[in-house]
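To start, the structure under review is shown below, and the notes come after it.
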Amino acid sequence: MYDDNNIFAKIIRKEIPCKLVYEDEKVLFFNDINPKATIHILGVPKNSVINLREFITNSDKDTVKYFFDKTLEVIRNFGLDKAGYRLITNDGKNGNQEIPHFHIHILGGENLGGLR
Ligand code: AMP
């Protein structure tokens, strides 16, 4: 079950600050507090969903498309479409998901190396 007190829910409700990249009524993009690359942005839909599976299953198609369209907009705005980038979403125990609100990591700004 979705936990309303997770950190990203608090950031969405403005109870915790973030370094804002882009926000509107449906989505929020902000800098990761512990960046793993020169550019490390987190993107969240404002729906109360825990992971990608829930986001796709519980949201209408427009909401899903909107989130990924905005993700591409952020990618373009940082020039990552030209230089390249990596998208990650972690899910569950083996994915080491820390925060139980669906989010994607947008990583770039340098060569990220191979996946281990
Ligand atoms: P995940 O393992 O996919 O759940 O990743 C959670 C990410 O959230 C990690 O990369 C953390 O560095 C990041 N994080 C945790 N707390 C904050 C915060 N208050 N503001 C920004 N990023 C955060």
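In each ligand, atom 1 is the first atom listed, and ligand 1 is the first ligand listed. These numbers come from a predicted model, not from an experiment.
Taking every non-hydrogen atom of I7 and a distance limit under 4.0 Å, the qualifying atoms of ligand 1 come out as 19 (N). Those atoms of ligand 1 that come under 4.0 Å of a heavy atom in H103, given as number and element, are 1 (P), 3 (O), 4 (O), 5 (O), 6 (C). Against a heavy-atom cut-off of under 4.0 Å, Q97 is close to the following atoms of ligand 1: 2 (O), 4 (O).
At least one donor-acceptor pair under 3.5 Å links the side chain of H103 to the backbone N or O of H101. Without hydrogens or angle criteria, Q97 side chain to G92 main chain gives a donor-acceptor distance under 3.5 Å.
Inter-residue side-chain proximity for D91 and R53 is flagged as met; some heavy-atom pair is nearer than 4.5 Å. K26 is not listed as a side-chain neighbour of T63, based on a closest heavy-atom distance of 4.5 Å or more.
Aromatic ring orientation, F67 versus F55: perpendicular (interplanar angle above 60°, classes split at 30° and 60°).
Residue contacts with ligand 1 include N31, since one or more of its heavy atoms lies under 4.0 Å from the ligand. Not a single heavy atom of K19 sits less than 4.0 Å from an atom of ligand 1.
For the residue pair D24/Y22, the side-chain donor-acceptor check at 3.5 Å is satisfied. Y85 and D81 are not linked by any side-chain donor-acceptor pair at a separation below 3.5 angstrom, with hydrogens and angles left out of the test.
Using a 4.0 Å cut-off between a side-chain N of Lys or Arg and a carboxylate O of Asp or Glu, K46 and E23 qualify as a salt bridge.
Counting protein heavy atoms only, atom 4 (O) of ligand 1 is closest to E98 N, 2.7 Å. What sits closest to atom 8 (O) of ligand 1 on the protein, heavy atoms only, is F8 CZ, 3.4 Å.
Taking all heavy atoms of I16, D32, N90 into account, the minimum distance to atom 10 (O) of ligand 1 is reached by D32. Comparing I33, I104, N96 by heavy-atom distance to atom 18 (C) of ligand 1, the nearest is I33.
Backbone and side-chain nitrogen or oxygen atoms of H105 are examined, and one is located within less than 3.5 angstrom of a nitrogen or oxygen of ligand 1.
With a 4.0 Å heavy-atom cut-off, ligand 1 is reached by the backbone of N34 and by its side chain too.
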